[in-house]
Amino acid sequence: MSLVTLLPFIVLIGAMILMTRSAKKKQQQAIDMRNQMQPGSGVRTIGGMYATVKEVSEDTVLLDAGPGVELLFAKNSIGAVLSDDEYNRIVHGIEHDLKSDPDLVPDDASALTETDGDSDAAAASDDKAVDLGKKDAEPSDDTADEAPKKTDGDTDAK
């Protein structure tokens, strides 16, 4: 057999080896993540439920899903172990304190351009109403009294 006929088979086998290798790598990362779980960690199950780890055993995890609700899950049903900030943001709605960030850009850009003397002028200019709409043309005196003529589709020219 020539090398040209064997080349597609060699490429196919090489691609299969690379795919299985990357799948094993991802599987090992998931196992390591699940083994790092500790009581008190926030987790998300593969079903999308958020809970706190209460107890970890060899193959199972006891989760606290709320007051008085304890659930026993298989370890491999944990989809992600979340950081404390992320867990609190998702479950409790506690946002990171944005006021402590010194590089915060304000929502209103006028605060960046105003100075102390310009604040009165800016406030006065904001009070004026700006009409951006199209103004209607006022009808002239000779056409104001006339009503539009209705036609039956006939024209005077025949």
Side-chain angles (χ1 to χ4, degrees), residues 1-139 148:
M1 292 183 117
S2 70
L3 183 64
V4 176
T5 57
L6 290 178
L7 188 62
F9 294 113
I10 294 172
V11 170
L12 184 64
I13 291 170
M16 289 174 49
I17 289 172
L18 289 176
M19 288 188 329
T20 57
R21 202 169 127 194
S22 67
K24 283 183 183 179
K25 193 176 195 179
K26 286 181 183 179
Q27 189 176 23
Q28 186 61 41
Q29 287 175 345
I31 290 170
D32 291 342
M33 180 254 323
R34 290 181 185 119
N35 287 335
Q36 292 175 356
M37 279 189 298
Q38 299 173 6
S41 300
V43 295
R44 182 184 66 236
T45 65
I46 58 174
M49 185 183 72
Y50 293 92
T52 306
V53 176
K54 191 166 184 178
E55 186 179 306
V56 179
S57 65
E58 179 111 9
D59 294 330
T60 60
V61 179
L62 184 64
L63 299 178
D64 183 18
V69 180
E70 293 179 352
L71 304 167
L72 187 64
F73 274 82
K75 227 181 196 184
N76 62 359
S77 66
I78 303 300
V81 177
L82 307 172
S83 67
D84 289 338
D85 289 337
E86 185 178 6
Y87 181 77
N88 287 331
R89 181 183 59 82
I90 293 170
V91 175
H92 303 295
I94 300 172
E95 292 290 330
H96 176 66
D97 186 17
L98 297 176
K99 295 186 182 201
S100 66
D101 292 342
D103 298 331
L104 182 69
V105 177
D107 290 337
D108 185 13
S110 65
L112 297 174
T113 58
E114 283 185 9
T115 60
D116 292 336
D118 293 341
S119 62
D120 295 334
S125 67
D126 288 341
D127 292 340
K128 294 180 188 176
V130 178
D131 184 20
L132 299 177
K134 182 177 176 184
K135 296 195 180 224
D136 295 332
E138 295 194 19

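Heads up: numbering here begins at 1 and tracks the sequence.
- The shortest side-chain heavy-atom distance between K75 and D59 does not fall under the 4.5 Å cut-off.
- For D84, there are no side chain to side chain contact (heavy atoms under 4.5 Å, CB included) partners at least two apart in sequence or on another chain.
- Applying the side chain to side chain contact (heavy atoms under 4.5 Å, CB included) criterion to S41, with sequence neighbours excluded, gives Q38, V53, V81.
- Every pair tested for side-chain hydrogen bond (donor to acceptor under 3.5 Å, both in side chains) that includes a residue from residues 13-25 fails, sequence neighbours excluded, so the list is empty.
- T45 contributes atom OG1, which lies 11.5 Å from atom CG of N76 (distance to the nearest 0.5 angstrom).
- Between F73 and V43 there is no side-chain heavy-atom pair separated by less than 4.5 Å.
- For the atom pair L7 CG and L12 CG, the distance stands at 11.0 Å (nearest 0.5 Å).
- D64 and G66 make their closest contact through OD1-O, 2.7 Å (heavy atoms, listed as atom of the first residue, atom of the second, distance).
- With sequence neighbours left out, the side chain to side chain donor-acceptor pair (under 3.5 Å) criterion links S77 to no other residue.
- Applying the salt bridge (charged side-chain N to carboxylate O under 4.0 Å, His left out) definition to pairs two or more places apart or across chains, those involving residues 30-55 are K54-E70.
- A search for side chain to side chain contact (heavy atoms under 4.5 Å, CB included) contacts involving V69 returns A65, L71, not counting sequence neighbours.
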